[in-house]
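A short write-up of the structure that comes next.
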Amino acid sequence: MTTTKKQKVLLGMSGGVDSSVSAVLLLEAGYEVIGAFMKNWSGSVCRPATVDDKSSHIRKSVVSEEDAFEECGWKAERRDAARVAAKLGIPFVTFDFEDEYRAKVVENMFEEFEAGRTPNPDVLCNKFIKFDRFVQEADRLGCDFVATGHYARTHSSNLQPHTYNLLSGLDTNKDQSYFLWAIKPKILARVMFPIGEMLKPDVRERARQAGLEVAEKKDSTGICFVGEVEMREFLQERIPQDPGNVVTTEGKVVGTHEGLAFYTIGQRHGLKIGGGEPYYVIEKRPQTKELVVGSNFHPALFKSELTASQLNWFQKPKTPFICKARIRYRQPLQDCAVDRFPPARPVRRSLGEGGGGIKGGGSAARVSVKFSEPQRAVTGGQSIVFYDGDEVIGGGIID
């Protein structure tokens with residue numbers, strides 16, 4: 001008599017309801033599940049350590065419960081994840097990825113802000129930690145798949161065997177596909193998003209049915225893995241203040257700022273300009289250290305075109321093509337035309353049209369994007385993600 005060996009899944013468990021319900025669903029589907037907590041940050045949020053901090057020590061890949069790192073919220077989250085794993089009767093391990101997280105996510109964040117751009121640490125965390133370093137640990141443990149509690153989906157490609165495509169989550173209010181565009185396409189075949197077909201209220205109800213204590217736990221916010229910390233306070237521990245004038249689009253000085261690095265295009269709060277009509281950041285002028293502000297509807301705050309680089313495609317694009325895109329999380333999808341930069345010819349193909357679209361062909365190292373409608377607060381360093389319906393074509397970093 002022969003028995004079929006269960007496929008093994010390494011599940012990232014954050015201590016929240018989404019990853020906890022993912023464990024329930026995987027077990028019900030017949031998988032062998034190992035729960036894993038990723039400890040990516042233990043330093044003080046007020047004094048982030050540098051990568052070459054001589055006081056830091058070499059950490060093991062898997063850490064024990066007795067390890068005493070500085071409290072930063074991660075211990076409580078790990079405790080919740082461990083309790084869920086114990087209730088479900090699955091193994092539970094903790095991985096220490098802090099060195100990689102600091103080097104590839106936090107350092108990049110400081111560099112980008114200092115250069116006047118606004119990065120998205122969640123995108124880099126997914127690319128380098130959750131769907132790279134975590135996958136390496138899955139290989140070490142002999143796991144067939146990795147899984148997380150993201151609101152996203154995958155499906156096998158009809159065009160290329162053994163290739164999977166990324167889709168947005170069914171719950172449009174929670175869809176996290178925007179943050180997943182940069183993961184390596186070859187990884188998708190091994191990635192599972194168990195709650196991708198569910199709505200958030202149904203996820204919580206499923207947790208209640210399973211008797212999980214985290215059923216009513218609120219969703220986490222803030223910097224990925226660092227937590228709920230005021231961004232300017234966090235940045236000022238590493239980036240010195242460099243004051244300058246706050247000026248209107250007409251050139252009138254209306255205040256002073258602490259440094260251009262601490263502000264982002266479209267920002268309203270934190271400008272400390274009292275009275276009258278609210279101001280929004282429209283432009284940063286490094287040469288004069290001026291922070292330019294204007295009304296929320298000032299034409300300078302809107303752009304119809306942008307360029308993007310550091311591209312990642314789940315399908316090889318053949319430019320030019322027409323698709324939809326978003327330049328920030330939860331933004332409604334916008335119609336746009338994508339071409340190589342500099343454009344080689346007029347856009348004349350759209351997705352699904354014979355001989356056109358992105359189905360096959362070469363890829364562009366940098367693209368220009370023209371929107372049908374002007375977009376508010378196009379911000380360098382942020383992500384632009386391209387969609388064909390609910391399928392993620394790819395994405396890039398706005399120049």
Side-chain angles (χ1 to χ4, degrees), residues 112 117-127 130-131 148 150-155 165-183 185 188 193 196 199-200 219 221 223-224 264-268 280-281 296-297 301-315 317 319-339 341 347 349-352 357-358 363-364 366-399:
E112 286 288 271
R117 294 153 60 84
T118 306
N120 193 317
D122 293 292
V123 170
L124 291 181
C125 181
N126 285 327
K127 178 181 180 179
K130 294 179 182 176
F131 298 98
T148 65
H150 283 95
Y151 285 85
R153 297 172 289 164
T154 62
H155 76 90
N165 296 325
L166 176 66
L167 280 73
S168 57
L170 193 65
D171 190 332
T172 56
N173 291 320
K174 301 298 292 184
D175 169 41
Q176 294 171 299
S177 60
Y178 177 81
F179 301 110
L180 298 168
W181 67 265
I183 67 178
L188 280 183
F193 300 121
L199 303 180
K200 183 72 178 199
D219 295 337
T221 59
I223 306 171
C224 179
T264 189
I265 303 300
Q267 176 180 335
R268 173 189 173 185
Y280 296 80
V281 176
N296 192 32
F297 304 102
L301 193 55
F302 294 81
K303 293 183 179 180
S304 296
E305 300 182 21
L306 61 82
T307 61
S309 54
Q310 302 181 51
L311 303 165
N312 184 61
W313 303 103
F314 296 108
Q315 300 178 52
T319 52
F321 62 91
I322 305 294
C323 68
K324 293 182 180 292
R326 56 170 52 105
I327 60 173
R328 63 181 57 88
Y329 180 45
R330 289 180 176 172
Q331 179 195 28
L333 290 174
Q334 307 292 306
D335 293 322
C336 67
V338 183
D339 202 354
F341 183 84
V347 172
R349 298 184 174 98
S350 63
L351 287 169
I358 61 167
S363 62
R366 191 179 181 197
V367 294
S368 64
V369 182
K370 295 183 179 180
F371 291 95
S372 298
E373 299 290 337
Q375 301 297 302
R376 181 185 180 279
V378 175
T379 306
Q382 286 287 288
S383 295
I384 179 169
V385 184
F386 305 105
Y387 291 81
D388 177 13
D390 59 357
E391 183 176 322
V392 178
I393 301 167
I397 301 298
I398 300 172
D399 292 330

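Note: hydrogens, waters and symmetry copies are ignored here, and every other heavy atom, side chains too, is used. For clarity, every value in this text was computed on a predicted model and none was experimentally measured.
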Quiz item: If we only count heavy atoms from C-beta on, is the C323 to V338 side-chain gap below 4.5 Å?
Solution: yes
Quiz item: Which heavy-atom pair separates K174 from Y151 by the least distance, and what is that distance?
Solution: O-CB, 3.4 Å
Exercise. Dump the intermediate steps for side chain to side chain contact (heavy atoms under 4.5 Å, CB included) on K200 and D219, then the final yes or no.
Key: CA-CA 11 Å; K200 183 72 178 199; D219 295 337; 2.7 Å; yes
Exercise. Side-chain contact test, heavy atoms from C-beta onward, threshold under 4.5 Å: evaluate it for V367 versus I384 and give yes or no.
Key: no
Exercise. Please name all residues satisfying side-chain contact (heavy atoms from CB on, under 4.5 Å) with D399, sequence neighbours left out, ordered by chain then number.
Key: T307, S309, R366
Quiz prompt | For R153, all residues meeting salt bridge (charged side-chain N to carboxylate O under 4.0 Å, His left out), sequence neighbours excluded | solution = E197, D390
Quiz item: Ignoring hydrogens and geometry, is there a side-chain-to-backbone donor-acceptor pair from N312 to I183 under 3.5 Å?
Solution: yes
Quiz item: If every non-hydrogen atom of G266 is compared with every non-hydrogen atom of A377, which pair is closest and at what distance?
Solution: CA-CB, 3.9 Å
Quiz prompt | Shortest non-hydrogen separation from C336 to F371 and the atoms involved | solution = CB-CD2, 3.7 Å
Practice problem: List in chain and number order the residues that pass side chain to side chain donor-acceptor pair (under 3.5 Å) with E305, two or more places apart in sequence or in another chain; answer none if no residue qualifies. | Solution: none
Exercise. Please identify each residue that fulfils side-chain contact (heavy atoms from CB on, under 4.5 Å) with T264, with sequence neighbours left out.
Key: T118, Q267, T379
Exercise. Verify the distance criterion only: is there a donor paired with an acceptor across the side chains of R376 and N296 at less than 3.5 Å?
Key: yes
Quiz prompt | Side chains of E391 and F314 in contact at under 4.5 Å (non-hydrogen atoms) | solution = no
Quiz prompt | CG on D388 to CD1 on I322, rounded to 0.5 Å | solution = 12.0 Å
Exercise. Please examine the side chains of N165 and I393, heavy atoms only from C-beta on, and report whether any two atoms are closer than 4.5 Å.
Key: no
Quiz item: Stepwise, does the side chain to side chain contact (heavy atoms under 4.5 Å, CB included) test hold for D339 with S368?
Solution: CA-CA 5 Å; D339 202 354; S368 64; 3.9 Å; yes
Practice problem: List in chain and number order the residues that pass side-chain contact (heavy atoms from CB on, under 4.5 Å) with K303, two or more places apart in sequence or in another chain; answer none if no residue qualifies. | Solution: V378
Quiz item: Listed by chain and number, what are the ring pair (Phe, Tyr, Trp, His ring centres under 6.0 Å) partners of F193, not counting sequence neighbours?
Solution: H150
Exercise. Please test L301 against V281 for side chain to side chain contact (heavy atoms under 4.5 Å, CB included), starting from the C-alpha separation and ending with a verdict.
Key: CA-CA 8 Å; L301 193 55; V281 176; over 6 Å; no
Self-check item: Residues that N120 engages under side-chain contact (heavy atoms from CB on, under 4.5 Å), provided they are two or more places apart
Solution: D122, V123, Y178, F179, Q382
Quiz prompt | Close side-chain approach of L306 and Q375, heavy atoms under 4.5 Å | solution = no
Self-check item: Qualifying salt bridge (charged side-chain N to carboxylate O under 4.0 Å, His left out) pairs, either residue in residues 328-337, two or more places apart
Solution: K324-D335
Quiz item: Where is the tightest heavy-atom contact between G394 and W313, given as atom of each residue plus distance?
Solution: CA-CE3, 4.0 Å
Self-check item: Gap separating the CD1 atom of I398 from the CD1 atom of I265, nearest 0.5 angstrom
Solution: 11.5 Å
Quiz item: So which heavy atom on D175 is nearest to which on Y329, and how close?
Solution: O-CE1, 2.9 Å
Self-check item: Partner residues of K127 under the salt bridge (charged side-chain N to carboxylate O under 4.0 Å, His left out) criterion, sequence neighbours left out
Solution: none
Exercise. Could you give me the CA-CA distance, side-chain angles and deciding distance for I397 and S383, then say whether side chain to side chain contact (heavy atoms under 4.5 Å, CB included) is met?
Key: CA-CA 5 Å; I397 301 298; S383 295; 3.9 Å; yes
Quiz item: Are side-chain heavy atoms of F131 and L188 found at a separation under 4.5 Å?
Solution: no
Practice problem: Please identify each residue that fulfils salt bridge (charged side-chain N to carboxylate O under 4.0 Å, His left out) with D171, with sequence neighbours left out. | Solution: none
Quiz item: Which pair of heavy atoms, one from S168 and one from Y387, lies closest together, and at what distance?
Solution: CB-CE2, 4.5 Å
